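Heads up, the thing below is written out as structure tokens.
Residue numbers start at 1 and run along the sequence shown. Small disclaimer: the values here were computed from a predicted structure and weren't measured.
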Amino acid sequence: MSAPDRIPPAPGYRRIATEEAFAPPALIDLYRKLLAPGGIDDAGFRSLCGFYVQSSTPRALAVRERLQDLGERRLNDMRDTGIDMQIVSLTGPGVQVLDKATAVTMARESNDLLADAVRQHPMHYAGLAACAPQDPQAAAREIERGVRTLGLKGVIINSHTHGEYLDDEKFWDILEAAEALDVPIYLHPTYLSRALLEPFLARGLDGAIYGFGCETGLHMLRIIVSGAFDRFPKLRFIIGHLGEALPFWLFRLDYMHRASVAAKRYASMPPLRKKPSDYLRENVYVTSSGMADEAAILYCQKVLGMDRVLYAMDYPYQFVADEVRTSDALPISDADKKKFFQSNAEKVFALK
């Protein structure tokens, strides 16, 4: 990006980007080992990480280099696009593809690395703690360490862990820890599980184009209908890409959930204290990552509320200056624009 194309600071608000990824070099090396002959036999992981870890195309190289940089290159990219602060989190699939022991160690090392970058650049970075759901008790302890000791502002969960979802009560130590610490869980996409993959992969729809949203939206709904928010009423989740399409389904989700529960159709669908849409409006925030679409942003603000929608870029996977300009030009009041870019993030992540 040349100097004349740089986006100047915004008038009246700071631009805080809330879904911005990084990957320690050690994690990239672990992915390479899993991709080598004799490594992991999972077509979803190979489709996602094989491209970004092994490809020599300009896009793969640029993303791979930027993921591993928490210094000047990232800061310069932020200056060029007018981003004042990033909420940085471990890229998908994070540590969740690894074996239990390796995942626990890698989560701790990643959090230490990220916390060090935040200490060096406190005006430009805040971070979310990674954890290893493979060991829910260790994950809860690492979340507490990340928040209380390292000063991180929430938790990143890269959706399923070996095909298992957070609605399973064996993972609820993680939900309990997040609620007790009053920090949000960012539920981020990852590669599709084995059970979902084939119809998507057959037409190249398994990744960000469609599969990510389907898988993560499914995960969020599983959490809602499981009764997790009745058990943890103050628990907060964040989902990107304008809610993985869930805001557009509020009416039908409520209608069909009510009908299914009344008919006692599924033993796995207990009655809830509220409607699914209530939990989405009260316990869930959405970000605009990868979705610089004026009409879609305005719709989400309308149905969820101005306080529930946050700006995100999805760096470095989506690094497009014009998308910042699109968000700057939203036809909303200056006060609501400040909420979208700054105030909502400051509140959700308890930023000073």
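Summarising the geometry, atom CZ belonging to Arg141 is positioned 12.0 Å from atom SG belonging to Cys131; distances are rounded to the nearest 0.5 Å. The CG atom of Leu242 sits 7.5 Å away from the OG atom of Ser289 when rounded to the nearest 0.5 Å. Interatomic distance, Ile16 CD1 to Glu346 CD, rounded to the nearest 0.5 Å: 4.5 Å. Between Arg222 atom CZ and His160 atom NE2 the span is 11.5 Å, to the nearest 0.5 Å. For the atom pair CZ (Phe237) and CZ (Phe232), the distance works out to 10.0 Å, reported to the nearest 0.5 Å. A distance of 5.5 Å separates CG of Leu27 from CE of Met106, quoted to the nearest 0.5 Å.
Annotation: side chain of Lys275 is not in contact with side chain of Leu250 (no heavy-atom distance under 4.5 Å). Within the 4.5 Å cutoff, the side chain of Met269 has heavy atoms near those of the His257 side chain. At least one side-chain heavy atom of Ser288 sits under 4.5 Å from a side-chain heavy atom of Phe340. Looking only at side-chain heavy atoms (C-beta outward), Leu280 and Pro247 stay at 4.5 Å or farther from each other. The shortest distance between side-chain heavy atoms of His241 and Glu244 falls below 4.5 Å. Under the 4.5 Å side-chain criterion, counting only non-hydrogen atoms from C-beta, Pro233 is in contact with Glu179. In this structure, Asp77 and Phe319 have side chains that are in contact, with non-hydrogen atoms separated by less than 4.5 Å. Looking at heavy atoms from C-beta onward, Tyr191 lies out of side-chain contact with Asp206 at the 4.5 angstrom threshold.
A salt bridge links Glu282 with Lys274; the closest basic N to acidic carboxylate O contact falls under 4.0 Å. For the pair Asp334 and Lys337, the salt-bridge criterion is not met [side-chain N within less than 4.0 Å of a carboxylate O]. A salt bridge links Asp116 with Arg119: at least one charged nitrogen is closer than 4.0 Å to a carboxylate oxygen. Ion pairing of Lys339 with Asp307 is present here, as a side-chain N (NZ or NE/NH1/NH2) and a carboxylate O approach within less than 4.0 Å. Using a 4.0 Å cut-off between charged nitrogen and carboxylate oxygen, Asp322 and Arg325 count as a salt-bridge pair.
Within the 3.5 Å criterion, the main-chain N or O of Asp336 finds a donor-acceptor partner in the side chain of Ser333. His124 places no side-chain N or O within donor-acceptor distance of the main-chain N or O of Val118, the cut-off being under 3.5 Å. Judged by distance alone, the side chain of Asp230 and the main-chain N or O of Leu272 form no donor-acceptor pair under 3.5 Å. Between the Arg236 side chain and the Tyr285 main chain, no donor and acceptor come within less than 3.5 Å of each other. Remark: side-chain polar atoms of Thr102 are not paired, donor with acceptor, to backbone N or O of Asp99 under 3.5 angstrom. Not a single donor-acceptor pair under 3.5 Å links the side chain of Ser159 to the backbone N or O of Thr216. The backbone N or O of Leu34 lies less than 3.5 Å from a partner atom in the side chain of Arg46, making a donor-acceptor pair. Checked by atom type and distance alone, the side chain of Lys153 pairs as donor or acceptor with a backbone atom of Ala350 at under 3.5 Å. Looking only at distances, a side-chain donor or acceptor of Arg64 sits under 3.5 Å from a matching main-chain atom of Ser55. Remark: the backbone N or O of Met85 is not paired with any side-chain donor or acceptor of Arg14 at under 3.5 angstrom.
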For this session: Take Ile238 and Leu187 through the test side-chain contact (heavy atoms from CB on, under 4.5 Å) and record every step on the way to the result.
Result: CA-CA 6 Å; Ile238 306 170; Leu187 190 65; over 6 Å; no

For this session: Applying side-chain contact (heavy atoms from CB on, under 4.5 Å), run through Val309 and Thr287 and close with a yes or a no.
Result: CA-CA 6 Å; Val309 184; Thr287 78; over 6 Å; no

For this session: Apply salt bridge (charged side-chain N to carboxylate O under 4.0 Å, His left out) to Arg74 and Glu20, showing your working.
Result: CA-CA 10 Å; Arg74 183 178 293 251; Glu20 320 308 311; over 6 Å; no

For this session: Just do the side-chain contact (heavy atoms from CB on, under 4.5 Å) check on Ile7 and Ile83 with the steps written out, would you?
Result: CA-CA 9 Å; Ile7 297 177; Ile83 302 301; over 6 Å; no

Exercise. Please walk me through it: do Glu323 and Gln318 pass side-chain contact (heavy atoms from CB on, under 4.5 Å)?
Worked result: CA-CA 9 Å; Glu323 295 185 356; Gln318 206 143 330; 2.9 Å; yes

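Between Phe341 and Ser327 the shortest heavy-atom distance is CZ-CB, 3.5 Å. Here the closest non-hydrogen pair linking Ala117 and Tyr125 is O-CD1, 3.7 Å.
If you check the side chains of Arg59 and Tyr52, you find a donor sitting under 3.5 Å from an acceptor. Tyr317 and Thr91 are linked by a side-chain donor-acceptor pair at a separation below 3.5 angstrom, with hydrogens and angles left out of the test. Gln134 and Gln96 are not linked by any side-chain donor-acceptor pair at a separation below 3.5 angstrom, with hydrogens and angles left out of the test. No donor-acceptor contact under 3.5 angstrom links the side chains of Gln301 and Arg308, judged on distance only. Between the side chains of Glu142 and Asn111, a donor-acceptor pair is found at a separation under 3.5 Å. For the 3.5 Å distance criterion, the side chains of Gln86 and Tyr315 fail to qualify, holding no donor opposite an acceptor. A donor-acceptor contact under 3.5 angstrom links the side chains of Arg79 and Asn76, judged on distance only. Between the side chains of His219 and Asp167, no donor-acceptor pair of N or O atoms lies under 3.5 Å. A donor and an acceptor atom, one from each side chain of Tyr13 and Asp84, are nowhere located under 3.5 Å apart.
When the side chains of ILVMFWY residues are joined at heavy-atom separations under 4.5 Å, either directly or via intervening members, Leu201 and Val53 end up in two distinct hydrophobic clusters. Residues Val303 and Tyr311 share a single hydrophobic cluster, defined by chaining ILVMFWY side chains whose heavy atoms lie under 4.5 Å apart. The same ILVMFWY cluster, assembled from side-chain heavy atoms under 4.5 Å apart, contains both Leu298 and Leu246. At a threshold of 4.5 Å between side-chain heavy atoms, the hydrophobic network of Ile, Leu, Val, Met, Phe, Trp and Tyr places Tyr279 and Val261 in two separate groups. Put simply, Leu235 and Leu181 are part of the same group of oily side chains (I, L, V, M, F, W, Y) that touch within less than 4.5 Å, one to the next.
Two rings, from Tyr31 and Phe45, have their centers less than 6.0 Å apart. Side-chain rings of Phe248 and Tyr299 approach one another, their centers coming within less than 6.0 Å. Aromatic pair His188/Phe212: ring centres not closer than 6.0 Å.
Environment of CG in Asp41: sparse, with no more than 12 heavy atoms of neighbouring residues, nucleotides or ligands closer than 6.0 Å. Annotation: Leu61, atom CG; neighbour count of heavy atoms from other residues, nucleotides and ligands within 6.0 Å is above 12. Shown here is Arg252, whose CZ atom has no more than 12 heavy atoms of other residues, nucleotides or ligands within 6.0 Å.
The only option from Asn283, Leu175, Asp278 that meets the side chain to side chain contact (heavy atoms under 4.5 Å, CB included) definition with Phe229 turns out to be Asn283.
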